Amino acid sequence: MTISSPRGFDRRSFLRSSAFAALGASAAVPLLGACAPQSSSKNASGGKSDPIKVGVISPLSGAWTVYGKAHIAGFKLAVDEINAAGGTLGRKWEIVQADSQTQPQVVTEQANRLIREENVAFLAGTFSSAERNAAGPVVTAADKLLLYPTFYEGQSQKYYPGVCNPNIFMFGPEPSEQVWPHMDYIVKKHGGKFFMVGSDYVWPRETNRLTKQKLTELGGKVVGEVYIPFNTPQYGSVLSQIKKSGADVIFLSLTGSDTVNFRRQLAAAGMKKDFIVWTVDDEEAATSGIGPEATAGDYVSFDYFWSIDTPNNAAFRKKVRAASGNVLMDTVGVAMYNAAHMAAKAIELAGDVSTDGIREKLGGMTFDKAPQGSITMRAEDHQAVLPSYLVKVRPNWTGTDDMFEVVHKVASVTPSAAACTDLPLKAK
Amino acid sequence: MTQVISVALDAISTSLVLALVAMGLAVVFGLVRVINMGHGAMLALGAYITWTLAQHGLPFFVSVIVSALLVGVIGLLFEVVLIRHFYDKQFETLLITWAFYLVATQLIKVFWGTDLHSVANPIRGTFTIGGAVIGRYVAVVSLVSLLLFASAGWVMYRTSVGIRVRAMIQNREMAMMLGVRASAMYRAIFALGAMLAGLAGGLISPMFSVEPDMGTLWLVRSFFVVTVGGLGSLVGGTLIGSALMGGMTTLVSLVAQQVFAQTVVFALAVIALRFRPAGILGKKAA
Amino acid sequence: MMVDHSGGTRIESVRRRPAAAAVRRWASGENIAASAVFVALFYVPYLFAGYPVFVLPQYMLFGVLAMSLCLLWGLGGMVSFGQAAFFIVGSYSMGIAVRDIAGSLGPWAGIGMGVAIAAAAAGAVGYFLFSARVRDSYFVLVTLAISTIAQVIANSASGLTGGFNGMFVPRVTLDLPGLALSLESDLGAYYVIFLLTLLTYLGLRALQRSAFGKVLVSIRENEERTESLGYNTALRKTLAFAIAGGVAALAGAFYATDAGFVSPDLGGVLFSTNVVVWVAIGGRQYLLGAIVGAIGISALSNQLNAWIPTYWQLLLGLLFFVVIAFFRRGLVGTILAIRLPMRKAQ
């Protein structure tokens, strides 16, 4: 289309070759001289009166968005309380927020941004096991702490540095805390034939493995075990399998939208009257998404529920209502809340804001003001010792206030020891 | 025997629900050749609007119809403002509709928040057919799906509108010369596709999770339903496609793990696509 | 009749003058811009320390991944929503090789295995489809299936991939005779990946200008005519798909060791769609557009994530709308198009 004069052509080709020559020449410099700059690591703890910056990574978009609101709200509430009380060591806290997009590769990016750009003192958050695992190598390399709030599969050395990591603290329950304490109750009441339906990944598989182990001890057995790939909309075939299995209890560890879809279809198929449902995933947010009809009479177990009746929780509920209106607080939000308060106490005790100081003081710390009751961070494997509640969904509930009725509780469950090779977890 | 009936009912209802969800896409993709990546967002909009109306006391089925109309209007506006400029550029429409998905999903979050919503099941209880049990609402939705396809077939093959639409699919220039107003027809078809997506979104809302990203579950499956069955063959193609994608998954997962069932069905769909060169030649008309 | 690639002007010039001259003239503006981009990337570590040096290599690898799509789409007219699947094949190969093969052979085996498997898989799937003339929207669908299946399998085959919980990959050193390219420090990783990006860019540019590249363009513009000229178009498209698969896997292998963590999301439809968005916004006619799109959008996402974590994706979606509706050549394509009248005036 363009008719180029010979002159124009020459000029362009000259520019082209000279630009590449410049590029080539400059490329040679650092490779030979190795004199390029290095990052100067600023002092993360900052000055005496600067705010303490804390990085929070929450799932604000993507598949787990529904859990994101309580996740960040719980942490914010605690930070507001800490700041209202004058901060820690006289310094206010400042939250630096990031969205994980529910994608582990974004967590890698954002965890690095928070640590390197924002110079946060430590990280809190990430939601799924995959997100936590993505943050694992980052906090290890930078020697920062990650306070992880979610119920998860427990620690085993195979998944280091995502777990068994001296730089990570677990504030959520693992299967021996979430499931085991209530198995006797369920089996005695409803029978020991379990049909297990879970999402196809590590947390459900580990949960089911441990549940099966305990179930065998109690004389029950697993009559079916199905794993569903993420984002499966239709469950007709699974429902047929359950129908003919002769199960007493459907033990659910589906996650995300899958659990909602499964339970609504289970109800629509008219199967709820024939089977007891016990889910270890559907806290307040998910249950409210499934609706009263499809959840009535089902069991859920966690370390915390909005409806548990303790003085701590009554005070906590008042504060949540005042601070963030109608947020559906759940186990994850409460774990974030506890994590902030316990970290603040650890900083006070240590007298400075440092990874070693917080780790040292956080290990073994007991927090009596936790909404679910007294909790302790076990020093040995950084696993929280928590209460455990089994609730039954009330029929025709209208909101989180009347959603659950506690039917069985254990005030403090000692989790089974983590399967890590180097216990206790301590700084390398 | 009960087993067989039960499996058959599962496979059929699964397929019909899938066909219902894919129908809006089939209309837009099959008739005006727009790969509507925004289909999922339109489903979600249908579900959310249904939820809002039902919250305000409207009867469920009225809510569904109103939300279908509203989503149709959104589709119409989208067509008038953007899509109509890009009909002959398939990849551009693909990208623009994806942008629509991104923006609409975010706007849903702004307006409705990120909490899950639940729409109460309007028809509870079950039917028993030959000893096998099926939920009443699932059965009703399956029937609605069948009815929609039957009426689509009637419109396409028994009315003058259908003749014009078919003429346009087969040879757009010729149809225009014969007096078919292509731009108006394209607009109507795109809006109809959006409306059907809204309708499907509303109808499935009592069975599925209502959340901003709910459409992503369906998008890829719906595409396969539409193409495997055959573009342009609105009724038979979509039904065959959904029988393959939905029914096959149900059948295979009787004997194998879910992962295997879903993977095999996708692989089968790819193989089916390969052996349908006729559909590819048919594309030339656009 | 066919899909327009906003390359109308070029079809004209291909007809009027010798193809080689036409392609070269078209490319010269890009070369200057490319030099500027690479020089800028080269000097980033001199100007910024810390985070940019850590994160830019990942974005550069996204750029390499985007170039693999650009080769298919810009050159060959095939839109693939499956490049992430090949990317993750490279990532897992690297992770598995480094885990299971000791010594300096591990990383090389990982790269080689990843590229070979991805290229072979792409070649097999490609030939299966192209030989039956599957193309355009049908091809798009198949590639959607590829990434869907890749993600499902990666999630499910947890023995091999670590499943949903992901796989950790350490930073490696690539041993060459007399030279060790270490990715262990951020700075080392930066320059090794910079070099990889540059070499991939130059390699693909050479491919673009080669006889093979021209046949691809001709297939894009009119496959029947190209075939009637005696070219086996299915074979050439297969080859392009295999090369693109290999390049995507190469990026994936380096990404694994650089980021340290791989999870199935990297192989899925969503990530694949990101790649399409990068290339569309950057400008699918230019390999440089792919790089600029990938780095630019990733950096912008990162910044927006920092400023407005809750609604940043809305802005991104709107930007995408504007670019697709009003700047259909993409950013780089639009900028390079502005230069044309100026040159005419000379």
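By convention in this document, chain letters (A, B, ...) are assigned in the order of the sequence lines, proteins followed by strands, and residues within each chain are numbered from 1. Every value quoted in this text rests on a predicted model; they were computed, and no experiment measured them.
- With chain C as partner, the option from A/Ser58, A/Ser128, A/Ala134 having the largest number of non-hydrogen pairs under 4.5 angstrom is A/Ala134.
- Looking at A/Glu153, only its side chain comes within 4.5 Å of chain C, counting heavy atoms on both sides.
- Between chain C and the residues A/Tyr201, A/Tyr227, A/Trp203, the largest count of heavy-atom pairs under 4.5 Å involves A/Tyr201.
- Note that the CZ atom of C/Phe54 and the CD1 atom of A/Ile115 stand 9.5 Å from one another [nearest 0.5 Å].
- Contacts with chain C were tallied for A/Asn133, A/Asp200, A/Val96; A/Asn133 has the most, counting heavy-atom pairs under 4.5 Å.
- Contacts between A/Gln101 and chain C at a heavy-atom distance below 4.5 Å involve the side chain alone, from C-beta outward.
- Under the rule for a side-chain contact (heavy atoms from CB on, under 4.5 Å), the partners of C/Gln151 that lie at least two apart in sequence or sit in another chain are C/Asn155, C/Pro264, C/Asp265.
- Note that CD of A/Glu109 and OG of C/Ser298 are 6.5 Å apart. Values are rounded to the nearest 0.5 Å.
- To the nearest 0.5 Å, atom CG of residue A/Asn112 and atom CG of residue C/Asn302 are 10.0 Å apart.
- Closest approach of A/Pro104 and C/Phe261 over heavy atoms only: CB-CE2, 3.6 Å.
- At a 4.5 Å heavy-atom cutoff, the contact between A/Phe230 and chain C is made by side-chain atoms alone.
- Residue contact with chain A, scored on non-hydrogen atoms closer than 4.5 Å, involves the side chain of C/Tyr59 exclusively.
- Looking only at side-chain heavy atoms (C-beta outward), A/Gln103 and C/Leu266 stay at 4.5 Å or farther from each other.
- For C/Tyr51, the ring-ring contact (aromatic ring centres under 6.0 Å, His included) criterion is met by no residue, not counting sequence neighbours.
- Taking every heavy atom of both residues into account, C/Phe164 and A/Ala130 meet most closely at O-CB, 3.1 Å.
- Of the atoms belonging to A/Val106, it is side-chain heavy atoms, and not backbone ones, that fall under 4.5 Å from chain C.
- The parts of C/Ser156 that come within reach of chain A are both its backbone and its side chain, each placing non-hydrogen atoms under 4.5 angstrom from that chain.
- Within the 4.5 Å cutoff, the side chain of C/Val55 has no heavy atoms near those of the A/Arg116 side chain.
- The shortest distance between side-chain heavy atoms of A/Glu131 and C/Ser263 does not fall below 4.5 Å.
- Residues C/Asn165 and A/Glu206 form no side-chain contact, since every pair of their non-hydrogen atoms from C-beta on lies 4.5 Å or further apart.
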